[in-house]
Amino acid sequence: MKKFLAALAVVVGAMSLPLSGEARVMIQNKGSDTLVNVAQAWAEEYINIKSNVAVAVTGGGSGTGIAALINGTVDLANASRSIKDKEVKLAQKRGIEPVQHIVGYDALAVFIHKNNPVKSFSLQKLAEVYGEDGEINRWNQLGIEIPGCQSNKMILVSRQNNSGTYAYFRKAVLGKKRDYKLGTRDMHGSKDVVDLVEHTPCAIGYSGLAYATEHLKMACISSKEGEKCVNPSVASASDGSYPIARPLFMYTNGQPKGEIKAYLDWILSDVGQCIIKAKGYAPVRAVDCK
Amino acid sequence: MFQETQQNIKHKKTERLFRILFLMMVLLLITPVLMILGTLIVKGGPAISLEFLFTNPTNGMTEGGLFPALLGTIWLVVVALLASVPLGIAAALYLSEYAPDNWLTRAINLAIVNLAGVPSIVHALFGVGAFVIFFDFGTSILAASLTLAVMTLPVVIVATRESLQAVPQAFREACWNMGATRWQTIRRVVLPNAISGILTGIILEVSRTAGETAPIMFTGAAFYLPFLPESVFDQTMALALHLFVVATQVPNVPPSMPYGVALVLISIVLLFNAMSITFRMYLRGQKKW
């Protein structure tokens with residue numbers, strides 16, 4: 001037993017030896033599942049640029065990130081919705097001053113199964129599909145039939161309620177006061193939404209454009225019934241023509257300083273913006289990427 | 001000459017029937033295990049390479065390896081063991097060897113059994129409140145490992161207590177009669193005879209510690225870290241959470257990758273277990289009864 005314990009102690013001791021002599025600066029980055037993959041890509045690249053600054057990335061949802069900012073446990077909170085007044089008040093009570101930075105834009109795509117013949121949706125129709133007491137519950141109400149979907153009943157795929165995507169879709173499509181229909185399937189993550197819609201002919205779902213795959217279709221969206229619809233893309237999100245595109249935020253406590261400022265500046269530089277563009281989101285301004 | 005009676009034949013038939021029935025139950029039990037392992041090896045095997053094991057994830061976690069997660073899981077398991085094994089064994093020794101049989105001891109035993117039934121997500125929230133915020137360890141290996149230790153403590157205590165009680169009372173009495181103190185008896189007679197059972201408890205603990213996701217999600221594990229943990233106060237990546245991430249959070253991951261991660265996770269647990277089992281067999285060889 002003694003030898004065993006001694007061996008353990010040696011292993012732990014060896015693991016505790018610092019691998020590099022340089023002092024390391026940690027940046028805690030947490031929040032939105034929409035942004036988590038971009039945040040990861042930024043962190044992965046940034047260590048190559050500044051080897052002594054490490055960015056720890058965690059997901060969990062916009063609400064999780066903002067809550068962590070209020071608790072003072074993160075340096076940068078990622079959010080795909082803006083902070084609520086209630087949250088700002090709560091933060092100020094704890095001596096924290098949330099400052100908002102726009103780091104990119106995201107087109108919110110409406111996904112349908114690849115066998116689904118629907119081409120476009122107006123925001124009104126989407127609201128009738130997703131909204132409480134909405135009138136559209138069956139695909140044949142839209143005059144279509146989907147192979148593999150005998151019941152014709154729409155399967156509404158949504159997100160868990162601390163998701164920024166959930167909050168933004170509700171505000172932009174349903175209107176502030178209207179709630180979601182009961183019986184939506186609330187997924188924990190954008191990729192779960194995409195996976196479910198891929199395999200379910202009757203389903204309709206929404207997520208960031210970056211999560212699109214070639215195995216499903218994205219609906220063309222018009223702001224009003226009868227108007228020309230716009231396909232979700234990085235370009236249409238950038239120029240504002242796509243009706244459900246939203247800004248993506250990072251929040252700091254007070255104006256950023258030191259390494260956190262350097263990191264944010266790098267994110268907003270051409271290099272950082274090219275990374276977000278490569279991930280399928282729209283950059284904050286036109287950038288020339290190779 | 002022994003003549004088989006009608007009754008005798010009937011008994012034999014029943015005997016065979018039950019034998020086959022129980023054998024089928026055993027086969028039924030191991031089928032899922034074999035299917036899981038088989039699926040993982042077939043689908044995840046192609047992903048496994050030295051590069052997969054010993055490099056960082058790259059290109060938005062869709063390429064490269066899982067080294068930080070692998071190392072992180074080893075960290076978490078080792079630190080959790082260092083915390084829970086001494087504490088668990090000490091508690092079990094008190095309960096089994098010293099404690100009088102009164103209402104307090106019974107209440108403690110009941111509490112331990114109940115602790116084992118607490119869902120891991122509740123342990124996770126306890127860990128956030130106690131270790132991350134109150135003790136101010138932050139989200140770190142230390143906080144995550146201590147949460148895991150609290151969660152697995154009942155397993156260690158119960159397994160240790162059972163194996164201590166399996167040591168015949170006559171051994172202790174013989175030792176006391178030679179004039180040995182309680183501690184001398186425990187140290188020289190009880191513990192050496194109970195060690196294999198204690199190790200079984202530890203094996204169970206390792207498996208749970210390495211596999212749990214909920215307790216480490218809020219207390220110490222990160223989605224992605226660009227560096228390897230250097231001390232117990234660092235955050236870490238972990239295999240269980242990494243598996244969740246590549247399976248559900250990251251788009252365009254090659255399909256063999258989640259299976260590969262799962263295969264590595266299971267292999268790590270089996271490796272830890274194999275180590276303890278070998279050690280246990282060695283100790284059993286030393287045993288004189």
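Source: prediction; values computed, not measured. Naming convention: chains lettered A, B, ... in sequence-line order (proteins, then strands); numbering from 1 in each chain.
B/F223 and A/T58 make their closest contact through CB-CA, 3.7 Å (heavy atoms, listed as atom of the first residue, atom of the second, distance).
Both the backbone and the side chain of B/M61 have a heavy atom closer than 4.5 Å to some heavy atom of chain A. Proximity to chain B (any heavy atom under 4.5 Å) is shown, for A/E45, by neither the backbone nor the side chain. Only the backbone of A/A210 has a heavy atom closer than 4.5 Å to any heavy atom of chain B. For A/A54, the parts lying near chain B are the backbone and the side chain together; criterion is any non-hydrogen pair under 4.5 Å. Of the atoms belonging to B/P57, it is backbone heavy atoms, and not side-chain ones, that fall under 4.5 Å from chain A.
Of the possible polar contacts, one joining the A/N37 side chain to the B/Q249 backbone as a donor-acceptor pair under 3.5 Å is found. Checking side-chain atoms of A/K191 against main-chain N and O of B/A247 turns up a donor-acceptor pair under 3.5 Å.
To the nearest 0.5 Å, atoms OH (B/Y224) and CG (A/N29) are separated by 12.5 Å. In this structure, B/N56 CG and A/E44 CD are separated by 8.5 Å, a value rounded to the nearest 0.5 Å. Atom CG of A/D195 is separated from atom OG1 of B/T248 by 8.5 Å, given to the nearest 0.5 angstrom.
No other option in A/V55, A/D33, A/N48 has as many heavy-atom pairs under 4.5 Å with chain B as A/V55. Among B/T139, B/L241, B/V250, the residue with the largest count of heavy-atom pairs under 4.5 Å with chain A is B/V250.
Other residues, nucleotides and ligands place no more than 12 heavy atoms under 6.0 Å from the CD atom of B/E51. For B/F131, the CZ atom sits in a packed shell: over 12 heavy atoms of surrounding residues, nucleotides or ligands are nearer than 6.0 Å. B/R188 CZ: 12 or fewer foreign heavy atoms inside a 6.0 Å radius. Counting non-hydrogen atoms of neighbouring residues, nucleotides and ligands closer than 6.0 angstrom, the CZ atom of B/R280 exceeds 12 such neighbours.
Using a 4.5 Å heavy-atom cutoff, the side chains of B/F227 and A/M26 are in contact.
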